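Note that this is a predicted model, so its numbers are computed, not measured.
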Protein chains: 2
Amino acid sequence: MSIRDLARHLDISIGTVSRALNGKADVNAETRERVLEAAKRLGYVPNQSGRSLRQGTTNTIGFMIESTIETVDGGGSFFMPVFEGVQSVFRRHHLDLVALLCGTDEDPASYLNRVVARRFVDGLIISATARNDPRIDFLLERNIPFVALGRSATKGDYPWIDLDFEGVAATAVERLVGFGHRRIAIGTPASDLNLGYLFLDGYKRALAASGIDFDPGLVLPANGHEEGGYQVASALLAQKPMPTAIILVNENMAIGLYRRLYEAGIHPGRDIAVIGFRESTQSRFLSPTLTCFRISLRDLGIKLAEALLSTLPAFAGQYPPERVALIWPMELVPGESDRTVPGAGTAHASTSIPGS
Amino acid sequence: MSIRDLARHLDISIGTVSRALNGKADVNAETRERVLEAAKRLGYVPNQSGRSLRQGTTNTIGFMIESTIETVDGGGSFFMPVFEGVQSVFRRHHLDLVALLCGTDEDPASYLNRVVARRFVDGLIISATARNDPRIDFLLERNIPFVALGRSATKGDYPWIDLDFEGVAATAVERLVGFGHRRIAIGTPASDLNLGYLFLDGYKRALAASGIDFDPGLVLPANGHEEGGYQVASALLAQKPMPTAIILVNENMAIGLYRRLYEAGIHPGRDIAVIGFRESTQSRFLSPTLTCFRISLRDLGIKLAEALLSTLPAFAGQYPPERVALIWPMELVPGESDRTVPGAGTAHASTSIPGS
DNA sequence: ACTGTTATCGTAAACGTTTACGGAAGGCAT
DNA sequence: ATGCCTTCCGTAAACGTTTACGATAACAGT
């Protein structure tokens with residue numbers, strides 16, 4: 001069922017059929033009607049390869065994610081809502097969205113190379129940007145439209161949207177200081193990911209603003225998984241005196257942290273204050289419920305999509321080109337985990353912990 | 001940088017270049033060497049659109065996931081390892097894997113229609129199969145190669161791999177009965193998803209085998225999120241006498257359940273036995289750690305890929321056609337949550353729960 | 001010298017589109 | 001009647017590949 005068949009069937013030239021389908025102006029209203037009707041009736045759908053070959057465009061946008069996403073993503077629940085938002089915009093413009101999975105055994109840059117060289121997509125959304133991300137240089141160099149979810153330290157003018165890690169860390173510190181805390185630890189992945197750097201930066205800045213000296217010993221590096229949180233808790237317990245508060249970069253870490261504290265008979269929310277990041281569906285079901293930060297992920301996706309559209313030549317009319325450089329705000333969601341007064345003593349007699 | 005440029009640059013015909021690149025036999029070893037070298041040096045990558053147009057094949061496989069995945073997937077961590085496995089197989093055959101995201105506001109069947117009509121992919125992996133899944137009929141009808149992760153009740157001969165929900169439920173029941181439990185509740189999504197049906201089936205079967213009457217009041221329907229678990233716990237607490245054990249279909253539910261039980265002063269693992277499904281990175285960090293079932297997700301992905309390959313015409317030589325219909329086994333991982341003796345009394349004086 | 005075989009390569013068609021270009025037909029004013 | 005504009009449509013080229021087919025040359029065998 002090609003366009004040729006359709007044309008033969010209608011006894012019209014193939015060019016007219018194409019024009020009718022694509023909404024070109026110079027085609028009679030009645031003929032267009034006939035064409036559209038027949039196309040629907042015969043189930044004709046234009047072949048994407050032919051179209052791409054001719055126009056040099058694929059009407060497809062790729063959202064690239066590594067399978068080792070861990071830091072922000074609470075196990076994957078981060079991306080789905082973002083996808084939703086992106087797709088809601090793209091659908092209106094007849095763009096398809098596919099997720100590009102780069103396996104752990106392949107270099108992200110070479111993967112990207114393959115994707116763009118093959119003319120798979122018209123544009124890209126990349127995420128989990130490293131502090132120095134070769135993909136950005138690559139895309140800039142080849143002039144491929146893209147937008148980055150997460151800024152990097154790379155020079156160059158490109159559109160990006162990033163979460164306000166700095167602000168989150170600062171807000172958390174300010175809140176804890178307001179509660180009277182002075183020894184505030186922070187658990188963050190010692191990573192080349194940019195967010196680790198930013199997170200620490202906000203932490204330091206807020207400490208300084210509160211007149212508290214920065215103590216490198218309170219920075220507890222760990223991966224973003226549950227084990228990481230577990231290790232952070234162990235490091236916490238080893239300190240004397242124990243810090244009275246801890247800020248985490250990732251909710252999975254909170255679960256590991258809770259576990260280790262419970263094993264030691266320390267109750268988060270009573271013996272130590274915990275603020276986590278990012279809110280997930282679990283946050284309010286942990287015991288204690290976790291004070292954390294909410295992100296409107298769907299809106300983030302929408303904004304990402306719009307930012308990309310404004311870099312696509314084909315949409316220059318509708319979305320005037322503008323360099324998006326946006327720091328995405330987040331909202332604190334109070335929980336039970338930071339309701340604690342630092343002077344009340346840290347080494348409570350523990351209540352019995354089931355199973356430990 | 002098309003194949004034409006490459007040919008001109010080498011002063012060879014364009015046909016020879018193509019043959020050299022594709023490893024055809026009738027090309028001189030030395031010329032092939034020259035072509036390959038020049039291609040690499042000039043960064044030539046064949047244009048996928050042109051190739052697809054000519055061969056009618058895209059070298060791309062789509063893995064379709066709805067964005068509302070909830071039941072099996074602990075927030076997304078289910079798919080990534082599966083993707084890894086699938087991709088590890090596909091890469092060896094120069095197939096690309098893309099994830100197809102069907103938004104919640106679009107009908108999965110119509111989405112699928114668009115994808116295949118456009119000749120986007122050569123084959124498909126679909127997941128989250130409903131008990132009656134129109135996608136399966138659609139794909140069978142059009143003779144599109146695919147494999148389903150999850151069987152449905154649909155008639156027809158198609159390859160599928162499914163988790164052993166029935167076996168899991170039965171194993172859980174047997175284990176609990178072995179510990180002396182008689183009143184065993186089950187929390188499962190009252191869904192049109194096939195897994196809900198299968199799960200309940202295994203539960204009933206194992207009960208019957210143990211000579212325990214099936215009590216419909218012990219089937220507690222709820223969604224697969226934390227709220228669902230929370231509701232299940234509420235329903236549990238409302239029963240007199242309270243069941244001594246509960247089986248859950250999803251780990252997110254376990255977190256909600258724990259929360260509700262803690263609020264009521266009931267300790268899972270001491271006052272009530274809990275068995276969950278599926279193991280995630282969190283399972284051993286909950287308190288009590290969750291008895292659950294482990295799935296080798298990467299291997300599952302590998303098997304899925306091989307099943308698909310054996311249905312692709314282009315690989316009929318290497319992967320002889322065979323109808324895969326596989327029930328994927330799972331392994332019980334003991335935790336602390338089901339270490340309880342049913343006779344020891346259910347309404348312990350609760351220890352203080354922080355934050356409640 | 002003729003035929004047959006083999007190795008290697010060039011030629012050209014084909015895949016399904018889109019689109020620049022031109023042509024035909026009609027209407028209107030001069 | 002001529003010229004001009006508008007509306008509509010057909011023609012054909014082009015996008016980048018792959019591949020069936022034929023051509024050439026070299027070589028061996030008779």
TODO: Would you mind classifying the nucleic acid contact of A:Ser18 as base, sugar-phosphate or nothing, using non-hydrogen atoms under 4.0 angstrom?
DONE: base
- [ ] Let me know the distance between CD of B:Glu30 and P of C:dT8, rounded to the nearest Å.
- [x] 11 Å
TODO: May I have the distance from B:Arg8 (atom CZ) to C:dG10 (atom P), rounded to whole angstrom?
DONE: 14 Å
- [ ] Decide yes or no for B:Asp5 and B:Tyr44: does some side-chain heavy atom of the first lie under 4.5 Å from some side-chain heavy atom of the second?
- [x] no
TODO: Take B:Met1 and A:Val17, find for each the nucleotide of DNA chain D with the closest heavy atom, and name the residue whose nucleotide sits nearer the 5' end.
DONE: A:Val17
Open item on the list: Consider side chain to side chain contact (heavy atoms under 4.5 Å, CB included). Of B:Leu326, B:Ile125, B:Leu309, B:Val324, which one does B:Leu304 pass it with?
Closed with: B:Ile125
- [ ] Could you check whether B:Thr31 gets within reach of a base, just the sugar-phosphate, or nothing at all, counting any heavy atom under 4.0 Å?
- [x] sugar-phosphate
TODO: Using a heavy-atom cut-off of under 4.0 Å over every strand shown, decide if B:Asp26 touches base, sugar-phosphate, or nothing.
DONE: base
Task: 5' precedence on DNA chain C between B:Ser13 and B:Gly50 (nearest-nucleotide basis) - done: B:Ser13
- [ ] Name the orientation class of the two ring planes belonging to A:Phe146 and A:Tyr158 (parallel below 30°, tilted from 30 to 60°, perpendicular beyond 60°).
- [x] parallel
Open item on the list: Expressed as a whole number of angstroms, how long is the span from B:Glu33:CD to C:dT8:C1'?
Closed with: 17 Å
TODO: Specify the closest pair of heavy atoms between A:Leu312 and A:Gly123, including all atoms of both residues, with the distance to one decimal.
DONE: CD2-CA, 4.5 Å
Task: Close side-chain approach of A:Ile136 to A:Ile126, heavy-atom, < 4.5 Å - done: yes
TODO: Taking B:Asp122 for its side chain and B:Thr58 for its backbone only, find out whether a donor-acceptor pair lies under 3.5 Å.
DONE: yes
Open item on the list: Over all strands shown, is A:Ile14 touching base, sugar-phosphate only, or nothing at heavy-atom distances under 4.0 angstrom?
Closed with: base
Open item on the list: Output the rounded distance in Å from CZ (B:Arg34) to P (C:dT8).
Closed with: 14 Å
- [ ] Tell me, yes or no, whether the heavy-atom count around B:His93 atom NE2, taken from other residues, nucleotides or ligands under 6.0 Å, exceeds 12.
- [x] yes
TODO: With DNA chain C as reference, determine whether A:Ile3 or B:Ala29 sits nearer its 5' end, using the nearest nucleotide of each.
DONE: B:Ala29
Open item on the list: For chain B and DNA chain D, what are the first and last nucleotides along the strand, 5' to 3', with at least one atom under 4.0 angstrom from a heavy atom of the protein chain?
Closed with: D:dG16 to D:dA20
